[in-house]
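Reminder, nothing fancy here: chain letters follow the sequence lines and each chain counts from 1.
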Amino acid sequence: MAYWLLKSEPDVFGYQDLERVGKEPWNGVRNYQARNHLRAMQEGDLAFFYHSNSNPPGIAGICRIARSAYPDNLQFDPDSKYFDPKSTEDNPRWSMVDVVPVRPLPFLSLDTLRGLPELEDMPLLKKGTRLSVMPVTADEWQAILKHAGVEDADFLSAPAR
DNA sequence: GCCAACGTTGGC
DNA sequence: GCCAACGTTGGC
């Protein structure tokens, strides 16, 4: 199983919104590197839900990949700002996955994350990185959970939604 | 293939 | 709202 980090602006769609709706297609990603990460995701992978463009930014919860990559519906919708006229049904350019909530976390601000030496290699903390979907190593995952005071068993045994 | 112009991200 | 950093576009 792999670990990931997904950014979202809480003013648009935050972790609480994911809890409310129960399941969400992670559409609108229009960056090739981020898309490739989406395509590498497997059902059952876990991801941190990160709040960007907020005050303060940081990790708000954990979610699970409920469906691996399939074509992003918005690329075919002329009314969507994510419409891509160069994309075709036969050869879709953009992908999305479905995510479901697992549990909220005690909020871990970006500042707090910067203070954890185990995370110094995370793209999230590198200057100038804007990647909205990125892998998280097992060591980084564990370091973050440990700092949050959360044990694996607290959510790995949680019922699937 | 280069690179200037432009648009976007996202912390502050 | 500012702006640094980065990605994309398109003329040449």
OP1 or OP2 of C:dA5 versus the side-chain N and O atoms of A:Lys127: is any pair under 4.0 Å?
yes

Side chains of A:Trp4 and A:Asp45: do they bring a donor and an acceptor to under 3.5 Å?
yes

For a quick test of reading the model: is some side-chain N or O of A:Lys7 closer than 4.0 Å to OP1 or OP2 of B:dG10?
yes

Output field: ring centroids A:Trp94/A:Tyr32 closer than 6.0 Å
yes

Cut-off 3.5 Å, side chains only: do A:Arg35 and A:Ser95 have a donor facing an acceptor?
no

Do any side-chain nitrogens or oxygens of A:Tyr32 fall under 4.0 Å of OP1 or OP2 in C:dC6?
no

Roughly how many Å is it from CG in A:Asn36 to P in C:dG7, rounded to a whole number?
13 Å

Is there a donor and acceptor pair closer than 3.5 Å between the side chain of A:Arg30 and the base of B:dT8?
no

Can you check the A:Trp94 CH2 to C:dG7 C1' distance for me, whole Å?
10 Å

Rounded to the nearest angstrom, tell me the gap between atom CG in A:Asn53 and atom C1' in C:dA5.
15 Å

Spacing between A:Asn55 atom CG and C:dG1 atom P, to the nearest angstrom:
16 Å

Before you tell me yes or no, could you show the steps for A:Asp72 and A:Arg30 under salt bridge (charged side-chain N to carboxylate O under 4.0 Å, His left out), namely the whole-Å CA-CA distance, both residues' side-chain angles and the distance that decides it to 0.1 Å?
CA-CA 10 Å; A:Asp72 181 328; A:Arg30 294 293 179 270; 2.9 Å; yes

For A:Tyr82 and B:dG7, give me the distance from atom OH to atom P, rounded to whole Å.
17 Å

Between A:Arg130 and A:Arg93, which has a closest nucleotide on DNA chain C that is more 5'?
A:Arg130

Quick one: A:Leu124 CG to B:dG10 P, roughly how many Å, whole number?
10 Å

Starting at CG of A:Asp11 and ending at P of B:dT9, how long is that distance when rounded to a whole Å?
14 Å

Could you check how far CE of A:Met122 sits from P of B:dG11, rounded to whole Å?
13 Å

Could you check if a side-chain atom of A:Leu131 sits within less than 4.5 angstrom of a side-chain atom of A:Gln33, using non-hydrogen atoms only?
yes

Closest-nucleotide 5' rank along DNA chain C - winner of A:Lys86 and A:Gly128
A:Gly128

